[in-house]
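First up is the structure itself, then whatever we jot down about it.
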Protein chains: 2
Amino acid sequence: MSNPIFIPEKEIADNLHMPQVIELMEDVFKHPEKGDMVPKIYLEEGLEGNDFRAMPARHGKYSGIKWAALFPQNGARGHGPSVSATIIVNSLENGRPLAVMDGMLITSYRTAAVTAVATKYLSNSNAETAAFIGCGFQTNFQIEAICNVRNIKTIKLFDLDKDKANELCSNINVDNCEVCDTIEDCVRGSDILTTLTPSRSPFVKAAWIEPGMHVNAIGADAEGKQEFEDNVANVCSLFVVDDKVQAFHSGESQHSENKESMLDLFHIVKNGLPLGFDHETGISFFDSTGLAIEDVALAGLIYENYIGV
Amino acid sequence: MSNPIFIPEKEIADNLHMPQVIELMEDVFKHPEKGDMVPKIYLEEGLEGNDFRAMPARHGKYSGIKWAALFPQNGARGHGPSVSATIIVNSLENGRPLAVMDGMLITSYRTAAVTAVATKYLSNSNAETAAFIGCGFQTNFQIEAICNVRNIKTIKLFDLDKDKANELCSNINVDNCEVCDTIEDCVRGSDILTTLTPSRSPFVKAAWIEPGMHVNAIGADAEGKQEFEDNVANVCSLFVVDDKVQAFHSGESQHSENKESMLDLFHIVKNGLPLGFDHETGISFFDSTGLAIEDVALAGLIYENYIGV
């Protein structure tokens with residue numbers, strides 16, 4: 001039996017281009033018939049909130065799985081990044097493993113690219129101000145992705161660690177970047193708000209969210225995680241999740257009692273916005289939990305680029 | 001970030017010794033507190049009964065996952081073995097992936113070794129005749145494992161493809177090996193019966209199973225698979241599964257209405273046989289579906305041997 005190839009990280013990095021990843025993710029959500037998946041499966045490690053997650057899916061000619069570990073205390077212990085991930089890509093012709101690759105950069109790109117897809121469909125087309133709460137590793141990818149689909153002139157940043165926000169600000173290539181003193185300052189007046197924290201208690205008040213705003217809630221991707229007040233769905237004209245089963249369990253929407261009217265991104269990309277939604281006055285909310293099909297679709301593309309299909 | 005090492009198949013093969021694997025599997029079942037797992041997760045491919053299975057677990061110092069593909073038509077299509085599997089081993093200290101390895105040989109050894117553990121606890125200690133239905137790749141491992149725990153003098157084989165049974169017979173190192181013409185001939189008169197087929201319809205009648213016999217039902221490891229008549233539990237004095245949640249969904253016991261009195265192998269290895277069970281007259285049945293902790297425990301051992309811990 002032939003072993004899968006191990007794709008080096010440099011090759012993955014060389015093959016990730018945000019516009020191409022956004023195009024792929026739009027295709028993933030436009031054509032659900034190309035894939036299938038199982039909602040994330042969690043294996044709790046039991047100590048200190050550590051967990052492992054298995055994300056199996058198939059997409060196009062490939063099947064695969066992402067196996068990720070979240071160890072929040074890694075940084076404080078000198079153990080490096082809190083997240084690690086490995087992806088296996090298999091052939092759908094005979095099931096054989098074709099490739100094994102690190103899943104970190106792939107996760108960052110696909111997560112940001114899906115935010116871009118949601119932002120493209122849901123936000124006002126003349127949005128100019130984008131705010132980001134949380135300035136960790138993922139935020140740079142999100143900024144790049146959103147700037148790919150909207151002509152962003154001002155970026156507002158907030159992080160509990162102001163040095164991190166300042167450092168990110170100094171590296172961003174936009175007309176205007178400002179670091180905010182409070183979360184409220186950061187939220188108010190922005191056209192697009194993106195939250196990227198591992199918080200387990202809400203820090204964005206629904207009252208701060210203004211008409212015409214689009215929100216991307218990225219941080220909550222496991223049971224118990226929460227960035228927005230419980231009632232945030234009540235102020236939204238349009239609440240969209242990436243996948244209902246997974247988001248209702250693990251996303252921001254797990255805290256909402258108002259789930260009946262929520263749509264998924266597959267529906268929006270395939271069918272467009274609901275009649276009557278007005279970008280000028282409406283508030284749209286995208287609850288992202290990260291789907292296994294996104295990983296497998298992108299890992300399949302990386303594999304094809306690597307072997308030169 | 002350091003990449004996991006890829007352990008070559010030759011290194012895996014060199015490090016698999018049946019007595020050591022049996023000892024490890026006995027420890028896995030004796031000390032459930034050392035591990036944890038999620039029951040197998042199936043991703044149906046939709047065509048021709050193909051499926052992928054994710055098996056996440058942790059055991060001892062390691063976490064990990066086996067990702068396996070079952071493509072029953074592979075052989076007929078010239079695509080090689082119907083099964084393929086990859087295992088990722090992670091550190092429980094920081095979650096990082098440590099090693100990636102092929103999972104086929106590990107699956108064969110751990111499956112056979114668990115059969116040996118069940119056979120050691122459940123079968124008559126002077127059992128001499130072992131029958132095997134199905135002479136595929138796995139059967140040789142099962143024979144080796146059972147011969148490790150019982151002094152087997154006669155082996156009886158049956159396969160729909162008699163040539164396969166004859167070939168296996170000629171390669172077995174026992175006093176006496178016979179290939180049977182019918183399944184009934186193979187079952188009757190044996191002390192230990194082991195079934196190893198991918199059947200989806202029962203072919204062993206409960207009436208053929210005799211007092212004093214121990215049965216290992218290995219084939220049924222997915223919904224819809226079945227080797228024994230629905231009522232087989234009714235003739236058994238002791239019905240043991242590897243794990244109740246998984247076996248009741250995917251094992252031979254999925255077809256039984258009589259699940260209340262079933263025990264799991266953890267219970268038997270930890271607490272011994274129930275009072276009143278008599279090896280001379282009783283019938284014991286072991287329903288094996290294959291557990292993720294078995295894979296992770298053995299893959300962890302292979303990793304330690306490889307890096308020289």
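Reminder, nothing fancy here: chain letters follow the sequence lines and each chain counts from 1.
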At a 4.5 Å cut-off on heavy atoms, which part of [X] comes close to chain A: side chain, backbone, both, or neither?
| X | result |
| --- | --- |
| B:Leu70 | neither |
| B:Asn94 | both |
| B:Met101 | neither |
| B:Asn74 | side chain |

Within the 3.5 Å criterion, strictly below it, is a donor on B:Asp221 or B:Thr289 matched to an acceptor on the partner's side chain?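 Distance-only check fails for B:Asp221 and B:Thr289.
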Taking side chain as everything from C-beta outward and backbone as N, CA, C, O, which of these in [X] sits under 4.5 Å from a heavy atom of chain B? Side chain, backbone, both or neither.
| X | value |
| --- | --- |
| A:Val38 | both |
| A:Ile41 | side chain |
| A:Gln73 | neither |

Is NZ or CZ of A:Lys259 both nearer than 6.0 Å to the six-membered ring centre of A:Phe248 and within 45° of the ring axis?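 Yes - A:Lys259 lies over the ring of A:Phe248, closer than 6.0 Å to its centre and within 45° of its axis.
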Is there a side chain to side chain donor-acceptor pair (under 3.5 Å) between A:Lys66 and A:Thr107? Walk through the geometry before answering. CA-CA 9 Å; A:Lys66 182 166 77 176; A:Thr107 302; 2.8 Å; yes
Name the member of B:Ala69, B:Ser82, B:Gly95 that forms the most heavy-atom pairs with chain A at distances under 4.5 Å.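 Option with the greatest count: B:Gly95.
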Heavy-atom pair count under 4.5 Å with chain A, highest-scoring of B:Ala68, B:Ser63, B:Pro56: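 Highest number of pairs under 4.5 Å: B:Ser63.
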Ring-ring centroid check B:Phe141 B:Tyr109, cutoff 6.0 Å: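 That pair passes the under 6.0 Å test.
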Centres of the A:Phe52 and A:Phe71 rings: under 6.0 Å?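 Close enough - the centres of the two rings lie under 6.0 Å apart.
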Does the pair A:Lys225/A:Glu252 count as a salt bridge with the N-to-O cut at 4.0 Å?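 Result for this pair is no, no salt bridge flagged.
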